[in-house]
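See structure below.
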Amino acid sequence: MESRAGFSFHVIAVLTVLNVLAGCAGRPEGVLIPTQTQAAGTSKVDVLVATTRRPTETPGVLFSGERGKEPVVTEIAVSIPPDKAREIGQVQWPSKLPANPAKEFATVSVTPLAAPAAQSWLKGHLGKSRRVFVFVHGFNNRYEDAVYRFAQIVHDSNADVAPVLFTWPSRGSIFAYNYDKESTNYSRDALEEMLRRLAKEPGVGEITVMAHSMGSWLTVEALRQMAIRDGRVAPKIQNVILASPDLDVDVFGQQLAEIGEKRPHFTLFVSRDDRALSLSRRISGNIDRLGQVDPTVEPYRSEFEKAGIVVLDLTALKTGDRLNHGKFAESPEVVKLIGNRLIAGQTVTDSDVGLGETLGAVALGTAQTVGSAASVAVSTPIAIFDPTTRRNYKDQVDRFGNSIGNAVETAVGQ
């Protein structure tokens, strides 16, 4: 039985996390009401949004956290403030409605789409790269949360993609963890079918899927189902990025095995100081969460290498996220890395992310080749450092010689 002191510590920790999670309260409701107000220097992001949520008649909300009977598709255009009026990695929520596009995110248009219109939208938004970028959000997200966050990621990453959001029925409540988890299960078939349809479009060249937190469970499950039904994941789905994945490490290993060897390239963003995943770990029976593991220790290091999975360790990265759960979207360096490299399917190694790199990313070790003739090149984990650590890094490398991994671990006190 847990001691009184241990129980008290747990209660305090939970209340602290819940208090932080509730910090977004007070935003105006109905931000998805289109505004006619315009401002100079703004950018527009058009997003195709597919959802398994139930529609609501509340103006500007569109969809609730309840489960809908069938998927619905909507085109939403979001206005992004001029660069001089915002910080990369941040969503500037309206303080009141209507929003001020000169300094806040604003909704430009909302257009419900039937299947043929959705196909036309896709054809019209495919760039020269012919890439589709699919985003699946995490726990405690309302419909508008997912729309604005994805619009921010697309804008800040500057990726040449057709952006598609899949949003599942999250109640947007810190007390609805179990409901949200079951809602991901409810949405597996819909996400699988959406990905299959995207892959069948002749104009689509390749697809990158990025999932955050609990959305990682939904995404990997949908891919697993596709592999079981079709014999493999659709070849056009080439890259899967799991950011702070709220996923049982044992379950993830089983899912990968069932997806099979002909699977997309996986990249993970992990952070050992992720407070939201600490709470999830406690709720889930103290089993390690995939997004919180230390990729430099065994058995994780060897298993990641054998599976050809690239892991980016963001533990040393400092952002304004008090839970350390959204670093992938709030860090300008990481968002640009997503747009410039990962969506394009480039393996990030110390050959292209080095001491002189403006991103400030340093590879721990070198790319390794594993397997047989059909081997895959993988990189060992990457740490993205705060400016002080970056300034001191060269001296540390000189002092510790060729053992870069050890030098980095010493520098950050791991």
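- Pairs passing the salt bridge (charged side-chain N to carboxylate O under 4.0 Å, His left out) check and including a residue from residues 46-68, sequence neighbours excluded, read E66-R171.
- For E201, the side-chain hydrogen bond (donor to acceptor under 3.5 Å, both in side chains) criterion is met by Q119, not counting sequence neighbours.
- Scored by the side-chain hydrogen bond (donor to acceptor under 3.5 Å, both in side chains) test, D83 finds no partners at all (sequence neighbours excluded).
- Under a 4.0 Å N-O distance rule, the pair D160/R130 does not qualify as a salt bridge.
- Remark: R188 pairs with E221 by the side-chain hydrogen bond (donor to acceptor under 3.5 Å, both in side chains) rule, at least two apart or across chains.
- Here CD1 of I88 is found 9.5 Å from CG of N158. Values are rounded to the nearest 0.5 Å.
- With sequence neighbours excluded, the residues satisfying side-chain hydrogen bond (donor to acceptor under 3.5 Å, both in side chains) with E193 are R196, R197.
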### Message
Determine whether F105 and W93 satisfy the following criterion, ring pair (Phe, Tyr, Trp, His ring centres under 6.0 Å), listing intermediate values before the conclusion.
### Response
CA-CA 6 Å; F105 279 49; W93 285 91; 7.7 Å; no
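- Ring orientation note: the planes of F150 and F135 are close to parallel, at an angle under 30° on the 30°/60° scale.
- Note that CD1 of I237 and CD1 of I207 are 5.0 Å apart. Values are rounded to the nearest 0.5 Å.
- For F166, there are no ring pair (Phe, Tyr, Trp, His ring centres under 6.0 Å) partners, not counting sequence neighbours.
- Atom NZ of K103 sits in a sparse spot, with 12 or fewer heavy atoms from other residues, nucleotides or ligands closer than 6.0 Å.
- Environment of CD in Q36: sparse, with no more than 12 heavy atoms of neighbouring residues, nucleotides or ligands closer than 6.0 Å.
- The CG atom of L122 lies 11.5 Å from the CD atom of E75; values are rounded to the nearest 0.5 Å.
- Under the 4.0 Å criterion applied to side-chain N and carboxylate O atoms, R232 and E261 are not assigned as salt-bridge partners.
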